[in-house]
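Okay, so here's the structure we're looking at.
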Amino acid sequence: DRHEVKRWVATLIAMPARRMKYGLLLTSVAQGTGKTTLYYALKPLIGAWQVNTPTENSVLSGYNGYLVDQRLCFVNEIYSGQGFKAYNVLKDKITENEVTVSEKYVPEYKTDNRAHFILCSNSSRPIPVKSKDRRFLVPRVTEKLIPFEWWRDFYEWLNSVGPGIILHWAQEFVKEPGNAVPDGA
């Protein structure tokens with residue numbers, strides 16, 4: 001799981017033209033395990049203007065303008081007690097290279113889809129995903145809480161030299177054969 005998440009994250013950071021056709025679904029019942037920290041680590045590396053944080057309600061609505069010109073859509077808390085609705089709404093947004101955009105008061109239009117998705121939840125089963133599903137990587141996320149002091153020090157690092165170190169790691173990581181997610185995979 002850890003290696004696959006590293007491949008996905010490194011490809012997202014170091015290969016901006018590459019389109020991965022699956023997203024991450026990060027779940028842990030415990031709060032404070034670091035799921036949202038991934039957003040804070042990726043945002044400066046991708047560029048704040050290319051990162052959006054739609055809510056579950058936005059994702060489930062009939063409008064999808066939140067993904068236009070975005071490289072990362074980070075849904076911080078998703079729990080769809082509505083069966084497959086969230087899954088079905090997200091399928092084409094995750095896999096298709098072109099999407100039809102629906103925004104309020106604007107005629108529908110087609111555009112290139114550059115968005116990658118990370119969904120997070122504190123529910124053990126936020127959306128139904130079949131075991132062989134190709135649209136989501138569902139890694140095990142720790143339930144272990146880390147002390148406040150560790151997080152404080154980590155965020156201090158993340159707000160200083162961290163992004164440069166992470167960028168360098170990602171660029172080097174994808175150079176190794178098999179470490180980058182193939183285009184369109």
Exercise for the section: Tell me whether the centres of the aromatic rings in W151 and F148 are closer together than 6.0 Å. Expected result: no
Practice task
Return yes if some donor-acceptor pair links the side-chain N/O of R71 with the main-chain N/O of L12 below 3.5 Å, else return no.
Solution key: yes
Exercise for the section: Indicate yes or no: at least one non-hydrogen side-chain atom of Y22 is less than 4.5 angstrom from one of V181. Expected result: yes
Practice task
Consider only side-chain heavy atoms of I, L, V, M, F, W and Y, link residues closer than 4.5 Å, and tell whether I165 and W150 are in one cluster.
Solution key: yes
Exercise for the section: Count the heavy atoms of every other residue, nucleotide or ligand shown that sit under 6.0 Å from CG of D69, and state whether that count exceeds 12. Expected result: no
Handout entry: Same apolar cluster: F74 and M20, side chain cutoff 4.5 Å
Key = yes
Practice task
Kindly assign one of parallel, tilted or perpendicular to the pair F136 and Y87, based on the angle between their ring planes and the thresholds 30° and 60°.
Solution key: tilted
Problem - Side chain proximity check, M15 to V174, heavy atoms < 4.5 angstrom - result: yes
Problem - Inter-residue atom distance T11.OG1 - H116.NE2, 0.5 Å rounding - result: 8.5 Å
Handout entry: Close side-chain approach of R114 to Q70, heavy-atom, < 4.5 Å
Key = no
Practice task
Can you establish whether the number of heavy atoms outside E4 located under 6.0 Å from its atom CD is more than 12?
Solution key: yes
Fill in the blank from the handout: Distance col, row E77:CD vs C120:SG, nearest 0.5 angstrom, shows 8.0 Å
Practice task
Hey, could you give me the CZ/CG distance between R19 and D183, rounded to the nearest 0.5 Å?
Solution key: 9.5 Å
Handout entry: Cluster link I146 to F154, ILVMFWY, side chain under 4.5 Å
Key = yes
Practice task
Check the pair V5, L137 against side-chain contact (heavy atoms from CB on, under 4.5 Å), reporting the backbone distance first and the verdict last.
Solution key: CA-CA 8 Å; V5 171; L137 172 61; 4.1 Å; yes
Handout entry: T55 and S58: CA distance, side-chain angles, deciding distance, side chain to side chain donor-acceptor pair (under 3.5 Å) verdict
Key = CA-CA 5 Å; T55 64; S58 296; 3.1 Å; yes
Handout entry: I118 side chain near V75 side chain, heavy-atom distance below 4.5 Å
Key = no
Problem - Side-chain donor/acceptor of N52 to backbone N/O of Y66, under 3.5 Å - result: yes
Exercise for the section: Decide yes or no for P182 and R7: does some side-chain heavy atom of the first lie under 4.5 Å from some side-chain heavy atom of the second? Expected result: yes
Handout entry: Y79 backbone acceptor or donor facing E56 side chain under 3.5 Å
Key = yes
Practice task
Would you mind reporting whether R135 and F117 have side-chain heavy atoms less than 4.5 Å apart?
Solution key: no
Practice task
Examine distances only and state if a side-chain atom of N113 and a backbone atom of E96 form a donor-acceptor pair shorter than 3.5 Å.
Solution key: yes
Exercise for the section: Using modelled atom types only, decide if a donor and an acceptor are shared between the side chain of E108 and the backbone of S102 within a distance under 3.5 Å. Expected result: no
Practice task
Taking the side chain as every heavy atom from C-beta outward, state whether L25 and I127 have any pair of such atoms under 4.5 Å apart.
Solution key: yes
Completion exercise
Separation between NZ (K93) and OG1 (T95), nearest 0.5 Å, reads 10.0 Å
Practice task
Is it possible for you to say whether L90 and V68 belong to one hydrophobic cluster, with membership spreading through side-chain heavy-atom contacts below 4.5 Å?
Solution key: yes
Exercise for the section: Indicate the atoms forming the closest heavy-atom contact of D92 with V89, along with that distance. Expected result: OD1-O, 3.4 Å
Exercise for the section: Answer yes or no: does atom CZ of R140 have more than 12 heavy-atom neighbours from other residues, nucleotides or ligands under 6.0 Å? Expected result: no
Problem - For E103, salt bridge (Lys or Arg N to Asp or Glu O under 4.0 Å) partners two or more places apart - result: none
Problem - Test salt bridge (Lys or Arg N to Asp or Glu O under 4.0 Å) applied to K175 - qualifying residues, sequence neighbours left out - result: E172
Practice task
Any chance you could measure T27, atom OG1, to E143, atom CD, to the nearest 0.5 Å?
Solution key: 7.5 Å
Below 3.5 Å, can you tabulate the donor-acceptor pairs from side chains in residues 29-47 to any protein atom, sequence neighbours excluded?
residue : atom : partner : partner atom : Å
T33     : OG1  : S28     : OG           : 3.0
K35     : NZ   : S28     : OG           : 2.8
K35     : NZ   : N122    : OD1          : 2.8
T36     : OG1  : N76     : OD1          : 2.7
T37     : OG1  : Y155    : OH           : 2.8
Y39     : OH   : K43     : NZ           : 3.3

Practice task
Please tell me if the side chains of L72 and Q50 come closer than 4.5 Å, counting only heavy atoms from C-beta onward.
Solution key: no
Practice task
May I ask whether L26 and I166 are part of the same hydrophobic cluster, defined by side-chain heavy atoms of I, L, V, M, F, W, Y residues being less than 4.5 angstrom apart, directly or through others?
Solution key: yes
